[in-house]
Amino acid sequence: QVQLVESGGGLVQAGGSLRLSCAASGRTFSDYIMGWFRQTPGKEREFVACITRSGRGTDYLDSVKGRFTISRDNAKNTVYLEMTSLKAEDTAVYYCAQSQICTRTIGAYDYWGQGTQVTVSS
């Protein structure tokens, strides 16, 4: 049974930083691409970043480039999202997900975590 469990969300002031973690279990972590998405009420879920199996390849939403960094530790079955210079518009529920390809297409991801809330106060 595949499980993805996010943690690290919370309330932070604009300009601050947070580090999200997503612990995976149930299948070989290093066999899968990992992605982060986010969603706010009334809006569609939005791609944030993805990382290849080795960790050498990444892709980012334009609005987070230079501020967010995705990384993974295959020995710990964990993917991270380091978020800096946070803005009020980054407020959302953040989800991690698994896929066979590093893509912005939501439908390519087959397993999802339950999400963690990030709130940025301005």
Side-chain angles (χ1 to χ4, degrees):
Q1 176 186 357
V2 176
Q3 280 196 312
L4 302 176
V5 180
E6 301 97 336
S7 61
L11 174 64
V12 63
Q13 287 190 332
S17 300
L18 277 177
R19 187 197 199 199
L20 305 183
S21 300
C22 171
S25 62
R27 57 186 184 182
T28 304
F29 181 72
S30 58
D31 284 349
Y32 294 91
I33 302 309
M34 296 300 299
W36 284 99
F37 289 75
R38 65 187 182 187
Q39 190 169 22
T40 54
K43 291 190 176 182
E44 293 186 354
R45 195 165 294 189
E46 175 182 54
F47 168 84
V48 175
C50 63
I51 188 167
T52 58
R53 294 169 183 83
S54 66
R56 287 192 287 267
T58 58
D59 186 27
Y60 293 94
L61 177 69
D62 285 350
S63 62
V64 308
K65 280 180 183 176
R67 300 189 299 120
F68 291 11
T69 302
I70 187 171
S71 62
R72 66 190 295 163
D73 186 335
N74 288 341
K76 294 184 178 180
N77 294 343
T78 302
V79 62
Y80 305 98
L81 187 67
E82 188 79 37
M83 305 186 294
T84 64
S85 301
L86 282 161
K87 305 175 182 180
E89 51 263 43
D90 295 318
T91 295
V93 177
Y94 283 73
Y95 300 87
C96 66
Q98 284 186 332
S99 176
Q100 293 286 359
I101 56 173
C102 195
T103 177
R104 301 180 180 209
T105 304
I106 289 176
Y109 292 80
D110 57 356
Y111 283 96
W112 294 80
Q114 82 290 348
T116 186
Q117 176 71 47
V118 171
T119 303
V120 183
S121 63
S122 55

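Model, not experiment: these values are computed from the prediction. Just so you know, these numbers use all the heavy atoms, side chains as well, and skip hydrogens, waters and symmetry mates.
- The side chain to side chain donor-acceptor pair (under 3.5 Å) test applied to Gln3 returns no partner, not counting sequence neighbours.
- Contacts of Thr103 classified as side-chain contact (heavy atoms from CB on, under 4.5 Å), with partners at least two apart in sequence or in another chain: Ser99, Ile101, Thr105, Ala108, Tyr109.
- In terms of heavy-atom proximity, Ile33 sits nearest to Ile51 at CG2-O, 3.3 Å.
- Between Tyr95 and Gly113, the shortest heavy-atom contact is CD2-O, 3.5 Å.
- For Thr40, the side-chain contact (heavy atoms from CB on, under 4.5 Å) test picks out Lys43, Ala92, with sequence neighbours left out.
- Residues that satisfy the side-chain contact (heavy atoms from CB on, under 4.5 Å) test with Ser71, not counting sequence neighbours, are Tyr80.
- In this view, Asp31 satisfies the side chain to side chain donor-acceptor pair (under 3.5 Å) rule with no residue, not counting sequence neighbours.
- Heavy atoms only, all atoms of each residue included: Leu11 and Ser121 are closest at CD1-CB, 4.3 Å.
- Note that CD of Glu6 is 11.0 Å distant from CG of Leu81, once rounded to the nearest 0.5 Å.
- Linking Ile, Leu, Val, Met, Phe, Trp and Tyr whenever their side-chain heavy atoms come within less than 4.5 Å leaves Tyr32 and Trp112 in two separate clusters.
- Take Tyr94 and apply the side chain to side chain donor-acceptor pair (under 3.5 Å) test, not counting sequence neighbours, and it matches Arg38.
- Minimum heavy-atom separation, Ser85 to Ser17: N-OG, 4.4 Å.
- For the side chain to side chain donor-acceptor pair (under 3.5 Å) test, no residue two or more places apart in sequence or in another chain qualifies with Ser122.
- By the rule that hydrophobic residues join a cluster once side-chain heavy atoms approach within less than 4.5 Å of another member, Leu20 and Val5 end up as members of separate clusters.
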For the pair Phe68 and Leu61, evaluate side-chain contact (heavy atoms from CB on, under 4.5 Å) and give the outcome as yes or no after the intermediate values. CA-CA 9 Å; Phe68 291 11; Leu61 177 69; over 6 Å; no
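- Identified under the ring-ring contact (aromatic ring centres under 6.0 Å, His included) test for residues 44-65, with sequence neighbours left out: Phe37-Phe47.
- For residues 99-120, the pairs satisfying salt bridge (Lys or Arg N to Asp or Glu O under 4.0 Å) are Arg27-Asp110, Asp59-Arg104, with sequence neighbours left out.
- For the disulfide bond (SG atoms under 2.5 Å apart) condition, the pairs that include at least one residue of residues 77-118, sequence neighbours left out, are Cys22-Cys96, Cys50-Cys102.
- Scanning both residues, Thr52 and Arg56, for their nearest heavy atoms gives OG1-N, 3.5 Å.
- Sorted by first and then second residue, the salt bridge (Lys or Arg N to Asp or Glu O under 4.0 Å) pairs with a member in residues 71-88 read Arg19-Glu82; sequence neighbours excluded.
- With sequence neighbours left out, the side-chain contact (heavy atoms from CB on, under 4.5 Å) criterion links Val120 to Val12, Ala14, Leu86, Asp90, Thr91, Val118.
- The two residues Thr78 and Ser21 make their nearest non-hydrogen contact at CG2-CB, 4.2 Å.
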